[in-house]
Amino acid sequence: MKNNNLKGQGSSTSNSLKEQAERSPLPKTMQAMVMEAAGQPLVCKTMPIPVPNEEQVLVRIIACGVCRTDLHIMDSELPKPKLPLIPGHEIIGTIAQVGSKVTSLQIGDLIGIPWLGYTCGHCKYCLRDQENLCENALFTGYTIDGGYAEYTVAFQKYCFHLSPQYGHPAAAPLLCAGLIGYRSYQMINSAAKRIGFYGFGAAAHILIQIARSQGKEIYAFTRDGDLQAQAFATRMGAVWAGGSTEAPPVTLDAAIIFAAVGELIPKALADIDKGCPVICGGIHMSDIPSFPYKLLWEERSIRSVANLTRKDGDDFFALIAKIEVKTETRLFPLRQANEALAATRNGGLNGAAVLVM
């Protein structure tokens, strides 16, 4: 496990990446880890390099983070993925080729590719600034091929242009764990002081750094008996860490649930004060058990987070440019994607798993 400071990288990193991209010839094939059927391990395959359309860029991938959403896809908890599918939506890479109508990016640029891969721009959600709910959206590593490969293509308007400090594997978790954590956090009243994080993994360990920089107190809930995760949360700055069935020592002003466990919703409602929210930060959750209305009464609320918007990304990267953010990662070579997924599933690592190309 590595603790990675994402600040302080010089412009020489950007120059070297650009020079490497410009002088490196494109191969005709690439290695990719492919999902051929639900519930089955990924298969390592040699595939043709994808060809970008006029609005897309070809990206030489540096690294791709492993997200629990990838497991939800493989376990059929998210229905109807593209098959065969190259998973992965926490991508850091450099532009290797551009389509004829690409104007905002050029060869050698360092970019990040998130979960939201395309929106139509004309459905009712897009027209009211809710592109994360677009009826015709495409999602990286789910309905379009993603980052468990040496190369991928992406629509230019859905890539984030990154500064040089993010040109290494440690930055990959920012593209989903960071972004979704930030969107969840933005749904909390800015006056909230005492915030519970239910599940302390990739998203929580990034978000706690933002919250602490703003003077918040974080109370971390982990699996009962997971002393390693509780120690990790404390080391990252939580003022208290305990099991998910334990009561916090104070009444909370807000709760964010990162774990995909429906039973945590009534527990979080019991932990928060009147008029406060429970934010569900995951794309999938097990069934929520019935609970007495008194837990919800007094204007407590439950709200889900769906996907992200490009504005979320712009705001998030602008914010973390002002503070020192560190990620903890365990690096795996691309061919060990199944091992990385197993480590993510079993909760056997702090922070995030990242595939390196």
To the nearest 0.5 Å, what is the distance between CG on L179 and CG on D315? 10.5 Å
Taking A192's backbone N and O only, do any of them form a donor-acceptor pair with D253's side chain (distance below 3.5 Å, no angle check)? no
Quick one: ring pair (Phe, Tyr, Trp, His ring centres under 6.0 Å) pairs with a partner in residues 240-270, sequence neighbours left out? F197-F258, F221-W240
How about E131 and R310: do any of their side-chain heavy atoms sit closer than 4.5 Å? yes
Note, N132 side chain near R183 side chain (heavy atom, < 4.5 Å): yes
Do you see a donor-acceptor pair shorter than 3.5 Å between the side chains of Y148 and Q31? no
Using the test side-chain hydrogen bond (donor to acceptor under 3.5 Å, both in side chains), find all partners of D271 that sit at least two apart in sequence or belong to another chain. Y198, K267
If you measure from CG on N350 to CZ on R235, what distance do you get to the nearest 0.5 Å? 6.5 Å
Residues forming a side-chain hydrogen bond (donor to acceptor under 3.5 Å, both in side chains) with R212, sequence neighbours excluded: none
How would you list, by chain and number, every residue that makes a salt bridge (charged side-chain N to carboxylate O under 4.0 Å, His left out) with K45, sequence neighbours excluded? E36
Considering residues at least two apart in sequence or located in another chain, which fulfil the side-chain hydrogen bond (donor to acceptor under 3.5 Å, both in side chains) criterion with E54? K101
Would you mind listing every ring pair (Phe, Tyr, Trp, His ring centres under 6.0 Å) that reaches into residues 330-357, with sequence neighbours excluded? none
Look only at the side chain of T140 and the backbone of P114, and say whether a donor-acceptor pair between them is shorter than 3.5 Å. yes
Quick one: CG on L58 to CE on M30, what's the gap to the nearest 0.5 Å? 9.0 Å
Which residues pass the ring pair (Phe, Tyr, Trp, His ring centres under 6.0 Å) test with Y118, not counting sequence neighbours? F155
Could you tell me which residues satisfy ring pair (Phe, Tyr, Trp, His ring centres under 6.0 Å) with Y151, sequence neighbours excluded, listed by chain and number? none
Do H205 and F200 pass the ring-ring contact (aromatic ring centres under 6.0 Å, His included) test, and can you show the C-alpha distance, the side-chain angles, and the key distance before you say yes or no? CA-CA 7 Å; H205 98 287; F200 201 89; 7.4 Å; no
Are K326 and E328 ion-paired here, with the side-chain N under 4.0 Å from a carboxylate O? no
The criterion is side-chain hydrogen bond (donor to acceptor under 3.5 Å, both in side chains); which residues satisfy it with E55, sequence neighbours excluded? Q156
Determine which pairs satisfy ring pair (Phe, Tyr, Trp, His ring centres under 6.0 Å) with at least one residue from residues 32-90, sequence neighbours left out, and list them in order. H72-H284, H89-W115
Please list all pairs meeting salt bridge (Lys or Arg N to Asp or Glu O under 4.0 Å) that have one or both residues in residues 134-143, counting only residues at least two apart or in different chains. none
In short, salt bridge (Lys or Arg N to Asp or Glu O under 4.0 Å) pairs touching residues 214-234 with sequence neighbours left out are R194-E217
